[in-house]
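Taking it in order: structure first as C-alpha cells, then the write-up.
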There are 4 protein chains.
Amino acid sequence: MNGNQFGRLFQVTTYGESHGKAMGVTVSGCPAGLELTEAAIQKELDRRKPGQSMITTSRGEPDAVTINSGVQDGYTTGTPIGMVIENKDARSGKYEPYVTAPRPSHGDFTYSAKFGTRNWGGGGRSSARETVNWVAAGAVAKLINEQHGITVKAHVNQIGDVKAGDVTWEDILENTEENDVRCADPDAAEKMREEADRYQKEGDSIGGSIYFEARGVPRGLGAPRFDSVPSRLGQALFSIPATTHVEFGLGKEAREWTGKDRNEDWQFDDDGDPEPVGNKHGGVQGGITTGQPIWGEATWHAPTSIPKKQITVDWETGEEKEIQVVGRHDPVLPPRAVPVVEAMLNLTILDFMLLSGRINADRLDNAPGKYDTEYHPRSPHNE
Amino acid sequence: MNGNQFGRLFQVTTYGESHGKAMGVTVSGCPAGLELTEAAIQKELDRRKPGQSMITTSRGEPDAVTINSGVQDGYTTGTPIGMVIENKDARSGKYEPYVTAPRPSHGDFTYSAKFGTRNWGGGGRSSARETVNWVAAGAVAKLINEQHGITVKAHVNQIGDVKAGDVTWEDILENTEENDVRCADPDAAEKMREEADRYQKEGDSIGGSIYFEARGVPRGLGAPRFDSVPSRLGQALFSIPATTHVEFGLGKEAREWTGKDRNEDWQFDDDGDPEPVGNKHGGVQGGITTGQPIWGEATWHAPTSIPKKQITVDWETGEEKEIQVVGRHDPVLPPRAVPVVEAMLNLTILDFMLLSGRINADRLDNAPGKYDTEYHPRSPHNE
Amino acid sequence: MNGNQFGRLFQVTTYGESHGKAMGVTVSGCPAGLELTEAAIQKELDRRKPGQSMITTSRGEPDAVTINSGVQDGYTTGTPIGMVIENKDARSGKYEPYVTAPRPSHGDFTYSAKFGTRNWGGGGRSSARETVNWVAAGAVAKLINEQHGITVKAHVNQIGDVKAGDVTWEDILENTEENDVRCADPDAAEKMREEADRYQKEGDSIGGSIYFEARGVPRGLGAPRFDSVPSRLGQALFSIPATTHVEFGLGKEAREWTGKDRNEDWQFDDDGDPEPVGNKHGGVQGGITTGQPIWGEATWHAPTSIPKKQITVDWETGEEKEIQVVGRHDPVLPPRAVPVVEAMLNLTILDFMLLSGRINADRLDNAPGKYDTEYHPRSPHNE
Amino acid sequence: MNGNQFGRLFQVTTYGESHGKAMGVTVSGCPAGLELTEAAIQKELDRRKPGQSMITTSRGEPDAVTINSGVQDGYTTGTPIGMVIENKDARSGKYEPYVTAPRPSHGDFTYSAKFGTRNWGGGGRSSARETVNWVAAGAVAKLINEQHGITVKAHVNQIGDVKAGDVTWEDILENTEENDVRCADPDAAEKMREEADRYQKEGDSIGGSIYFEARGVPRGLGAPRFDSVPSRLGQALFSIPATTHVEFGLGKEAREWTGKDRNEDWQFDDDGDPEPVGNKHGGVQGGITTGQPIWGEATWHAPTSIPKKQITVDWETGEEKEIQVVGRHDPVLPPRAVPVVEAMLNLTILDFMLLSGRINADRLDNAPGKYDTEYHPRSPHNE
C-alpha cells in the first residue's frame, strides 16, 4: 500500500534511508522452530555489502545486524523478528549540492514531487541501501526454503556487451561466488570485470543482467490470475532499484516462436507423475508451478551516479547547472544485486509455500527437540 | 491472496470459468459521481470479444454485461459495482478427452496439482476468458482516468518475426483499432495478419508482443519500493495469461547502455518545473512517475491450443496418447490482449491516483449537478 | 479497505443495495473438494429471509441464490464461488420522501455526507438486506467448519426487558429454531414475541440481544494482537447493522470481578492436556483459543424504521418536516440476526482454521472419491 | 494477517516481547511534513510507562524511544518511521517456574499451543508491554489528528464497584491526568485508588473500565459494512490485552430501548447542515460518522498475575502444582490502558481521514516553510 511491505503470510516491513540512522526490517509470519542466528543472516548481508571488491562502492558499512525479537534460545518463536542494521558510514553532507538540483535519472525529483520533500542524503529512501533489509529477511526465508528442498541461485549473465557462455546449474552453484562480478562463467567474469573497470575509470557506468533459477519448488504452487507466480515474482523483481526488464522462461524471445515449437509434450516422470518434456515454459503454466525449475532473467540499467559532467536545474534558484556525482558508487549493479534477487525469490516462494500449507504457518514440522509436542516451549531446564 | 483480487483502493474481485455459467466482477472503491452505463462498458468488451475477425476464435459470445448494483440514475454511488457477463456459447463437452490427460503447456495439470481438481471445460479458471472481467472493470477506470487527462493506449508491435515500424503516439491512437491485429503501422498490420493466417492454416499458432503507453499521468505518483509503479504494473501485466516478458523504457536493452548515455539531464519545462530531457527512463524514476509518458513492452507466447499433433499422458490410465486440440482458438494473442493490457494499466494507474489523493476516493470532484453539495443525493425530483 | 470485503484467506466480497437489481457475493479462497449445492445455501438464506413470521417484515423476497462459478459436478474447485440473489420485491418508490430528508437514526445522511449521493431506495447499501450475502458465504463456511467438528449457534437472549432464563448448549441447539424469535427458552420466547408484537402495534420497535457460542474450535487458533480472535470477531460482529455492543466471556461484568475470582486454575483433561477449570474467559486467552467454547453476547438497537411520528429536515428545501416510516419493517432485529451472527462467526473461525493450516487452503483432506490423488480432477467418466 | 500489523493507509507494524531485547514499531504511511520529535512521542510513552505510581508495576523501564528513520530536520519525509524502545529492566529468569506450567488465565498455554513454543519471559509477545509500540505510533497519529481539529480522550469510569459520577468533556480533558487512576471525577478517583490498593495488598487484583470519546471527527467518515467505524474500532479495542467488552453510544443498554426513544430527530445546525438532536447513537449511523462525538466504553478484566495461590499443571512433569505469581504487576489495568485506548482511537480515526482524502496521504497541507511548493525538499541552506 505504502511501498514498505512485501508478502502476505511471510510479511516483510522495512524502513530506513541511505544516510539515516539505521535500516530496519520486521519479519512477521515466520513459523516457530527455525534455528536462527545473527551469524546466519550476516553471511547473506556480507554478500551484498559495499566494499567487497574494486567494482563495488567503497562505502565502509559493516552492515552488522541485530535481532531485537522473535528468537529465543536460538530458535524462532513465531512472533515477529525485528532486525536493525545501523548506518555507520553515513556522510550525507556531500549530497547538499543536489538538495534542490536533482541528479539525472535518480529518484531525487520524483520523491520530492510526491512527498514535497525527501531525505536528500544519498538516495534517501530510494537508495539501493534499502535492499540490505530485504537480504536480511530473505536470509530467514532461505533457511526455511532450503530445509524444504528449495534452492534459489542467480548469477550475472551479461554486463554491457559481454555475455556469459552456456553454464549448467552446477556451474552457477559452484562458480558464481568465486569471482567479483558473480558470473558463473569464469572467463566471461574476467571480461565483465574489465568492462566494469573500464567504465569506472572513464567516470561512467554500465548496465547488466542476471539469470535466476529456483529448483525444488513443488508443483501446484501459486494461485490463479493476480497472484500467479509470475505476477508476484514480477512485483518482487521490479521492486529492486534500477530493474528495467523481467522475463520468465523463453521470455521476450517467445514472440518469435510458434505454438508447436514452444509447447512441450507431457511424459511420466520416474514417480509416474506427468511432467513436461522440456522447460521452455520456465517452471510455470497457467500461473502455477509445474515442478520444473523456475527460471528467468532481469536487467538493471547502469548506475546513475557518475562523475561525468551532466546538466541539472535548481528549482530554488531557477538556474541550470553542471553536476558531477562524485561519491562512492558501484560502476555496475548486478554483482551486488545477485543476493537481492535471490532474497526476493526466496521471500516470494516461501510465501506461496505457506499459503499452500506445504509449510505450516504456525511452526515448522521439523522443529527440533522440544517442539515435538503441541504446546511444549523450549525451556531452560531441558536443553 | 487467492488470486482473484486486484487493486488496493480501486479493488477488483472476479470469478468465472471459461465454460461455466457466468463471469462476474465486483468493483469496490469506485468513487461516487461517475456517469456510467452498461453501454460504456460494453464498448470496451466488444474490443476484446471473440469472433471479431478471422484471426480470433469463432466462439459466439455476445459478452453482454449486466450491472447489478452501484449505479443509480446513471451515476455511481460509491458502493460496489457488481457486474455479470453470462457465458452463452459454453461447450465444455469437447474438453472431455483432456480431463485426465493435460493439454501441452496449458494450466490443466498445474491447476489439478494445486486443487486436486479443476474446472476442465476449456481452460476453466485459467482461461483468458476471465479477462472479460478485467476489461469490464478497466472500462470504469478508463472513464475516470480520461476525465483526469490520462490516456492509455497499446498496440501490437510484433507478431512472429514481423515488426511494426516506427510509429508516433498519434499513429497509435488513430490506426490501432483500424485493423484486425491492432497494429498502429498499417503495412506491418497487413503482414502480421498474413503471418497469423499462415500459422493458423498450418494448425499452429504464433507469439507476439505489445507496446503500451500512458500519457497524462502526473509526476509524483507511485510509492517507494514494493509498491513502485513498475512493481504494480509488473504484477498487473504478468497476470495476463501467457505473458512471458515485461519491460519499461529502455528495458532489456538497458544492459548494454552506459550511465552517461542512458542518463537524462534536467531542464525546465514551460511551467518552470524540472523535466528530463528525454524519456528513455519510461516515465518512472526511483519507482515514482516523472510526469513523462509511461511506456514499455510485453510479450505473449503463442496460444497453446493447436490442432497439430502433440503427445500427452493420461494419469488415470497411465498411458501416453496423441492429442489434437481442435476448438475455437486464437492463432495469436496480442490482438485481443490490447484491450486487456489497457485495462490493467488503467486499473493500476487509477489506484495510484486514488492513493495519492489526486482523485478523491469517496466521490469525484467533477460530479455533475446534484453532487454540488456535500450530502446531496441524486433525487428523482430534481433531475 | 472499502468496506465490502471480509476475511483474509477465505475472502468474501459483496455488492448490492436494498432495492437494487441484485445482491451478489464472491467467495474467494474456498478450498476444493467441498460438496456444495444451491440448496444447502438456500437453507441458511431461508432462516434470514423476510416474511417468516408476524414479527418479520412482510417484504416478499424468495432470496433464491444462483451459483455462477466455482462448483463443478457438485464440488467446489478451489476457484471463486460467485453467487447472485436477485431482488424481486424491490419498491424503492416509497422512499422518495426521504431522498433529501434523512430518516432519523438511519444511514441516509451519513452515506450522503460521505459519497455526496446514495442509493436512496430503502437503506440502499446500508440496509440489512446486504446480510443475505453474508449468510450465503457463511453457509459455505459452515459446511466446512462442521466437517471439522466446529459448531456455531446463537439464540436471542433478550428483547426489551424480557430475558431468557438459563439454557444449556443442547437447549440452544434444539429449541432456537422452533420459535419465531429464535430464543432457546420457549417460555421467554413467547413473552418476547408478545413484546415485539406490542411495540409493533404501537408503531414502535424494540432492541434486543443475542448470545452466541462456538464449540469444537481447536486450541491454539488466532494470532497475536491485532488479529486476535476477539479482534477479528469484534470487527465481524460490529459489521452487522445496528450492533451497539459486543462482549466475550464475562464481558462487561468483568469490571467488577477480582483476579482471584475470575482466574481459572489449570487441570489436565482426559487426554492429559492442560485445560482451564472453567470458562469465564470465553474460550480465548492472550487472544488465542484455549479449546474451550468461544462465547459472548451482542446487542442490536431497536429498528429505526417506525411509523410513529418523528421530525426530520429537508436539506433541499431547508425545512423541517414530519416523518412516518411506513413500510415493511421488522419490529425487532435479533430474531433475523441470529443466522447473520452465526455466519460471521463461521466465516471468522474458518479463516483462522485456514491460516493455521488446520484446514488446507487449496483443498479439503476429506474430499471424496476422485480427490484421492494429488492432481486428479473429477471426471465425467469416473463418477 | 499475522497479528502484528494495524491500519490500512497509516500502517503500524510492531515487534517485541516483554523481556526481549527491544520493542519496535514501524509507521508506514505517515504523510510528509509533520513536525516530529522523539520528545513528542516520549511524552505519550511516559503516560503509559510502568512505575508511575503506587498502583502500577514497579518495573523500571525508562521506555526511551529512538527514531531510526522517516524524519529529517525535524519533519517527517513520508517514508516509514522506524522506532525502537529498548527493554532495560528485563528479568525473565523469575518466569522459569512457568515455562511448562502455564499461569492461570494468561496466554502462556495458548501461545504454546499455537506455536509449539513461546517466549516465556513474562507474557512474551502477549504481554501488555507490546502496547508501548502502539502508544508510540499513536503519538504520531495524535499530532496529525489534533492539527485537523480531532481530539481523543479517555478516562477510567469504573474500578471494581466504584463508578465515576457524571463528568463533562471538559472534566475529562482537565481532570483525567491529575490523578493516578486517570478518572475525571476526583472523588471517585480517590475511591478507585483505595480499591486498587486494597486488592493489591490482599495479593489480588481487580477489573475496571474506560469511557472514551473523540471530538471533531468530521461527518461522512468510515465505510460501508466490514470497514465501518465501529467494526474497525471494535477490532482496535479488542486488540488491547484483557479487553472483554466494547460498546458504542447507548451500547448494551440499547437492548431495552424502543425505537421511538432511541431514535433522534434531525435539526439544522448553525451552518444549516442536518444534525441529530442528541447523541445516543454515539457518533455513527450506518457505520459512518454523523459529525457528533464518537463515544463508548470498554472493559478490562482484572490482571491475571496475582500473588494469591492458584493451581496449575506442568505438562512436562504431568503434575499439578501451586503457583504464586509474584512479580511487578499492576493491580488494575485501566489507568495505564487510557493512553493505549487513545492511541488505538487516534490510529483508527487517522486511517479513515487518510482513506477519505481529508488528509492527503502523501503530505500534509499545512506543512510549514519549505513544503510550500510541490517538490521542494527541506534544504540545509534555507532553514
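A, B, ... follow the sequence lines: proteins, then strands. Residue 1 opens every chain.
For the 3.5 Å distance criterion, the side chains of A:S239 and B:R225 fail to qualify, holding no donor opposite an acceptor. Between the side chains of A:E256 and B:Q158, at least one donor N or O sits under 3.5 Å from an acceptor N or O. Side-chain contact check for B:T290 and A:T110: no donor-acceptor pair (N or O, by modelled atom type) lies under 3.5 Å.
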Quiz item: Are B:K252 and A:E247 close enough, and set up right, to give a salt bridge (charged side-chain N to carboxylate O under 4.0 Å, His left out), and what steps lead you there?
Solution: CA-CA 9 Å; B:K252 189 168 183 174; A:E247 64 182 56; 3.0 Å; yes
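With a 4.5 angstrom heavy-atom cutoff, A:D204 touches chain B only via side-chain atoms. Contacts between A:K280 and chain B at a heavy-atom distance below 4.5 Å are absent for every atom of the residue. For A:S228, the part lying near chain B is the side chain, with the backbone staying farther off; criterion is any non-hydrogen pair under 4.5 Å. With a 4.5 angstrom heavy-atom cutoff, A:E297 touches chain B only via side-chain atoms.
Here B:G220 is the residue among B:P241, B:G220, B:P276, B:A302 with the most heavy-atom pairs under 4.5 Å with chain A. For the set B:I206, B:V313, B:N4, the entry with the most heavy-atom pairs within less than 4.5 Å of chain A is B:V313.
A:H245 has its ring centre less than 6.0 Å from the ring centre of B:H245.
A pairwise comparison of heavy atoms in B:P104 and A:N263 identifies O-ND2, 4.0 Å as the closest pair. Across every non-hydrogen atom of B:E319 and A:F268, the tightest pair is N-CE1, 3.9 Å.
A donor-acceptor contact shorter than 3.5 Å is absent between the side chain of A:K114 and the backbone of B:A223.
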